[in-house]
Amino acid sequence: MLQLYDSLSREKRLFVPGDPARVTMYVCGPTVYNHAHIGNFRAAVVFDLLFRLLRRRFGEGAVVYARNFTDIDDKIIKASKETGAPIAEITTKYARIYDEELSAFNCLAPTAKPAATGHIAEMIALTERLVAQGFAYAAKGHALFSVGKFADYGRLSGADADERLAGARVEIAPYKENAADFVLWKPSKADEPGWESPWGRGRPGWHLECSAMIEKVLGETIDIHGGGQDLKFPHHENEIAQSACAHSGAPLARYWLHNGFLNMGADKMSKSLGNVALPRDLLKKHHGETLRFALLSAQYRQPLEWTDDLIEQSKKQLDRFYRLLAEAAPDGEADIPESVVLPLEDDMNTPEAIAGLHELRDIAMQMEGEPKRRAAARLKAAGALMGFFASAPEAWFKWTPPSDGAALTAEAIEAMLAERTAARKAKDFKTSDRIRDALAAEGVIIEDGQSGATWRRV
Ligand code: AMP
Ligand code: ZN
């Protein structure tokens, strides 16, 4: 029984898809003009977890998850002007980096990754429909959505009209019939990228992109629409208005999910405040799975403060799990225990689920032999549902940060270990102790077992 908190109805609801054989989810993706920050990744990781839960419940082939790339946008045009690099070069580069970094966080690839520039015809067609039906109007090379024509406008964000106008600093422009009206299509200057349209050469507005791609890739009414809570207004409010009006009032999504912010101290992490930590830099020091664990340590709707201590605690916890997995060599396929599934299916209560993982570990610790291996297999399966324990334990403990040029390479450690083994065989304990100390000074621990010496980093 999967329950999700729906931001539109403002309550936790049993999740019932329109068609259990084709469960659809859309998450607003990045504008690809520079590096994402770890706050952006919170949304991606949270919805990756939901993707995994849906696949478990409805079948891997039954879930269609689309996450877009916004690859036409004023910020991209600006980046291109500033750097001299063509737009396509910038967007291709940052989309690739985004995907690579997310896979380091053990995120599964979405089923579809539509790009805005691949759907311009659909965006024009949708706008034409809205204009033809009187929900939108053309003015001075623009097409604008007439907010007053959609009675439900504001239901998701809940703010009243004045608050919205003030809060979002909605642009007041002479061509607008009403200050709250928003742009579907806008004109491009000669040196800006543009496409021919019934309103002249121009480009789409951001909100229109998502509505058009959702319709094309997933359908008129999708099961789940997700994003960070800052997208409720105006972005999601506008998506709802466009799609509902273009589809005779059919709702855009059955469930709206919004993740809370990742904060730095008292502030939301954001590019405009300049208080960002980038996965690009973090991945030079930390394993992606550690960062994933940190992002999932709070329930997704709660704020989460990003600190060095959070990363360190996450690493410590993962080390404890991996130590058990190394010790017990999980045996066979296992069902995922309810102590982990139930909290996850209760609106993704990840802190409870992680507590469940610790319980499973404690249980396995008390066992020996085959029962221990089976208990470890249950722990492994439960962790896998959350995207954890993707490494072999040995690889986990031997992992070196890619940027850490000073750290000994695995090859160098193996060579020193071989030297130490030879010294011990020759009963040259002075040399073998010296090598052990030298490795310890580099943060490498040697453990002598029955089948010889092994090593791990601390
Ligand atoms: P943007 O690049 O600002 O459009 O953001 C991309 C995604 O990241 C959106 O879903 C945002 O809501 C989300 N996001 C941005 N900043 C944060 C933050 N500090 N914490 C959580 N999510 C965020
Ligand atoms: Zn969107």
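The structure displayed is predicted, hence computed values, not measured ones. If you read the sequence from its start, that first residue is 1, and numbering goes on from there. Numbering of ligands and ligand atoms starts at 1, following listing order.
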Is [X] close enough that one of its N/O/S atoms sits under 2.8 Å from the Zn ion (ligand 2)?
X      : answer
His225 : no
His235 : yes
His207 : no

task = Measure centre to centre between the rings of His225 and Tyr255, then say whether the value is under 6.0 Å.
result = no
task = Run the ring-centre check on Phe135 versus Phe150 and record whether the distance is less than 6.0 Å.
result = no
Shortest-distance N, O or S atom of Glu239 relative to the Zn ion (ligand 2) =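 Of all N, O or S atoms in Glu239, the Zn ion (ligand 2) lies closest to OE2.
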request  = Would you confirm whether Thr221, through its side chain, and Pro251, through its main-chain N or O, come within 3.5 Å as a donor-acceptor pair?
outcome  =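 Pair found, side chain donor or acceptor close to backbone of Pro251.
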note = Checking Trp396, Phe321, Phe293 against Phe389 for ring pair (Phe, Tyr, Trp, His ring centres under 6.0 Å), the one that qualifies is Phe321
Option passing ring pair (Phe, Tyr, Trp, His ring centres under 6.0 Å) with His236 (candidates Trp256, Tyr26, Trp206) = Trp256
request  = Tell me, please, whether Tyr300 has Arg42 positioned over its six-membered ring: NZ or CZ under 6.0 Å from the ring centre and within 45 degrees of its axis?
outcome  =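 No, Arg42 and Tyr300 do not form such a contact.
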inquiry  = Does the structure place the NZ or CZ of Arg320 under 6.0 Å from the centre of the six-membered ring of Tyr322, at an angle of no more than 45° from the ring's axis?
reply    =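 Geometry flag: not set, cation outside 6.0 Å or 45°.
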First-shell residues of ligand 1 [heavy atom, distance under 4.0 Å] = His37, Gly39, Asn40, Gly227, Gly228, Asp230, Leu231, Asn259, Gly260, Phe261, Leu262, Lys268, Met269
